[in-house]
A.B. asks: 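Below is a structure I'd like to ask you about.
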Amino acid sequence: MREFGYRRVHDVPGAVALLGADPDARCLGGGTNLVDLMKAGVERPGLLIDVRALPLDRIEATDDGGLRIGATVTNSDLAAHPEVRRRYPALAQAVLAGASGQLRNMATVGGNLLQRTRCGYFTDPARPCNKRIPGSGCPALEGEHHNHAILGASEHCVAVHPSDMGVALAAFDAVVSYETVDGPGELPLAEFYRPVGDTPHLETALPPGALITGVTLPPAPVAAHSRYRKVRERASYAFAIGSIAAALDVRDGVIRDVRLAFGAVASRPWRAREAERVLTGGPASAEAFAAAADAELAAAEALPHNGYKVTLMRNLVIAMLSELAEPTEPAELNGGTAR
């Protein structure tokens, strides 16, 4: 591990000033990913800026009916927040599926967005990896790739993004706020992660020296009727081999609104916009759900050992939307008042 400096900051301007002055600086939240990568020699920051004391640990309602989530909110607090559970249940479910309680107590929202792939070639400094060393190659193309990307990849990288939380945020059009020495900025999550292309080492569109300050979820009535499902290779906590965040609004048998995002299939949380387009205004039937899944997955480019993900994601779409399309039970009454 490279020798590094350590600074604890208590205000956003102080953190931004340190980040802007040192290109080798990294923010330390819970450290649940960064510290592991430092131990392995993958990340080699010259300075760690401890941001846990920043006043960014609140979840607040916005004036238009959405939610703003501070960057240092822990995953545990996010999943337990009553407004998150009520308005965006798929987000709470995604966070709970993502890691053990001990890790959720440490991990932060900002850190979750910036976590890096768990591809074994990336995390092993003895192996070539275009994401770690540009131009060195992508051995996963011919090697171990059963859990690698089927959508949006390139010949330069087929790694997948590991976040569960990010999948739900993608489904609900989250916007990432950040601060730099030049002032504040925002990035829709759909633009936050860069396409792989021939520069897989450039993972986000954040400007240099940017500090993530929060995530805003716009109002989305459909999100109240949402779910998250994660498929993994063992029952205990593990990274997904496929996941889905889905929300559905059906009235008189017609789909009025639908949100779909996939996880563990691309270098970023994958918003299934083609499937949404096919479904909107049509019938809420298993046949329609299958057609929408096929339309989205038509762009899939499977490798020899990960083609199963195409079938897996198709089945997840059909199963999740079919469950969400079922009539809901009437609200339980207590003394004549719905509760």
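Values reported hereafter were calculated over all heavy atoms of this structure, with side chains retained and with hydrogens, waters and symmetry mates removed.
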A.B. asks: Treating Asn306 as the side-chain partner and Leu303 as the backbone partner, does any N or O pair qualify as donor plus acceptor under 3.5 Å?
C.D. replies: yes
A.B. asks: Other members of the hydrophobic cluster containing Leu37, with the 4.5 Å side-chain heavy-atom rule, please.
C.D. replies: Val42, Phe122
A.B. asks: Write out all pairs satisfying ring pair (Phe, Tyr, Trp, His ring centres under 6.0 Å) with one or both partners inside residues 83-119, taking only residues at least two apart or from two chains.
C.D. replies: Tyr88-Phe172
A.B. asks: What's the verdict on side chain to side chain donor-acceptor pair (under 3.5 Å) for Asp64 and Thr62, showing C-alpha distance, side-chain angles and the deciding distance?
C.D. replies: CA-CA 5 Å; Asp64 61 358; Thr62 59; 2.5 Å; yes
A.B. asks: Looking at residues at least two apart in the chain, or sitting in another chain, which of them share a side chain to side chain contact (heavy atoms under 4.5 Å, CB included) with Ala53?
C.D. replies: His10
A.B. asks: Under 4.5 Å side-chain heavy-atom separation, chaining through any Ile, Leu, Val, Met, Phe, Trp or Tyr, what else clusters with Leu34? Say none if it is isolated.
C.D. replies: Met1, Phe4, Tyr6, Leu28, Val35, Met38, Leu48
A.B. asks: Only distances under 3.5 Å count here; give the side-chain donor-acceptor pairs of residues 151-162 to other protein atoms, sequence neighbours excluded, each with its distance to 0.1 Å.
C.D. replies:
| residue | atom | partner | partner atom | Å |
| --- | --- | --- | --- | --- |
| Ser154 | OG | His156 | N | 3.1 |
| Ser154 | OG | Gly197 | O | 2.7 |
| His161 | ND1 | Ser163 | N | 3.3 |

A.B. asks: Scan for ring pair (Phe, Tyr, Trp, His ring centres under 6.0 Å) pairs involving residues 22-48, sequence neighbours excluded, and state none if there are none.
C.D. replies: none
A.B. asks: Work out which heavy atom in Thr72 is nearest to a heavy atom in Asp57; give both atom names and the distance.
C.D. replies: OG1-N, 3.3 Å
A.B. asks: Can you name the nearest heavy-atom pair linking Ala223 to Ala247, along with the distance?
C.D. replies: CA-CB, 4.3 Å
A.B. asks: Are the side chain of Thr180 and the backbone of Asp182 linked by a donor-acceptor contact shorter than 3.5 Å?
C.D. replies: yes
A.B. asks: List the residues meeting side chain to side chain contact (heavy atoms under 4.5 Å, CB included) with Asp249, not counting sequence neighbours, and say none if there are none.
C.D. replies: Val222, Arg251, Arg256, Asp257
A.B. asks: Can you give me every donor-acceptor pair (side chain of residues 89-109, partner residue at least two apart or in another chain, under 3.5 Å) with its distance?
C.D. replies:
| residue | atom | partner | partner atom | Å |
| --- | --- | --- | --- | --- |
| Gln93 | OE1 | Tyr228 | N | 2.8 |
| Ser100 | OG | Gln102 | OE1 | 3.4 |
| Arg104 | NH1 | Leu96 | O | 3.4 |
| Arg104 | NH1 | Ala99 | O | 2.6 |
| Asn105 | OD1 | Ser76 | OG | 2.7 |
| Asn105 | ND2 | Gly101 | O | 3.3 |
| Thr108 | OG1 | Gly111 | N | 3.2 |

A.B. asks: For residues Arg232 and Ser243, is any side-chain donor paired with an opposing acceptor at under 3.5 Å?
C.D. replies: no
A.B. asks: Please collect all salt bridge (charged side-chain N to carboxylate O under 4.0 Å, His left out) contacts where either partner lies in residues 184-200, sequence neighbours excluded, each pair once.
C.D. replies: none
A.B. asks: Could you give all pairs that pass the side chain to side chain donor-acceptor pair (under 3.5 Å) test and reach residues 124-140, with sequence neighbours left out?
C.D. replies: Lys131-Glu203
A.B. asks: Going by atom type alone, with no hydrogens or angles, which donor-acceptor pairs under 3.5 Å involve a side-chain atom of residues 17-27 and a protein atom two or more places apart or on another chain?
C.D. replies:
| residue | atom | partner | partner atom | Å |
| --- | --- | --- | --- | --- |
| Asp22 | OD1 | Asp24 | N | 2.8 |
| Arg26 | NE | Glu43 | OE1 | 3.4 |
| Arg26 | NH1 | Pro23 | O | 3.4 |

A.B. asks: Filter on side chain to side chain donor-acceptor pair (under 3.5 Å), then keep only pairs touching residues 138-150, sequence neighbours left out; what's left?
C.D. replies: Glu144-His146, His146-Glu233, Asn147-Lys309
